[in-house]
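These notes concern the structure reproduced below.
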Amino acid sequence: VLLNQSIDSFLRGEYDRPFSDDAAAPHPGLGPSDVVDAALRSLRALDDPEPCHGAAVMMRFTAPLSRGERWGGGSTSSPWKGVLR
């Protein structure tokens, strides 16, 4: 139960630690390949400078999930959401 709560909290964007000064963030000047590159680079440094920092940076580049999607009530099931769960 605690793990599911932690995953749901993370998917809602509830990362309560400060981002590093050089952490990537989305902005209008980034092209599609730049966004993918920045998001994937953050995952390569997953726990640098602290645990889960890279995943939180990657989540900055994602669209929020609807309530139904967070709780698995959507009409289609995405394999990626299953991986995160």
Sequence neighbours excluded, the answer for salt bridge (charged side-chain N to carboxylate O under 4.0 Å, His left out) partners of Asp37 is Arg41
Taking all heavy atoms of Val57 and all of Ser42, pick out the closest pair and write down the distance.
CG1-CB, 3.6 Å
Run Arg17 and Glu50 through side chain to side chain contact (heavy atoms under 4.5 Å, CB included) and show every step you take.
CA-CA 9 Å; Arg17 298 180 193 119; Glu50 59 184 83; 2.2 Å; yes
Who passes salt bridge (charged side-chain N to carboxylate O under 4.0 Å, His left out) against Arg60, sequence neighbours left out?
none
Minimum heavy-atom separation for Pro18 to His53, with atom names?
O-CD2, 4.2 Å
Looking only at heavy atoms, what is the nearest atom pair of Phe61 and Ala38, with distance?
CZ-CB, 3.9 Å
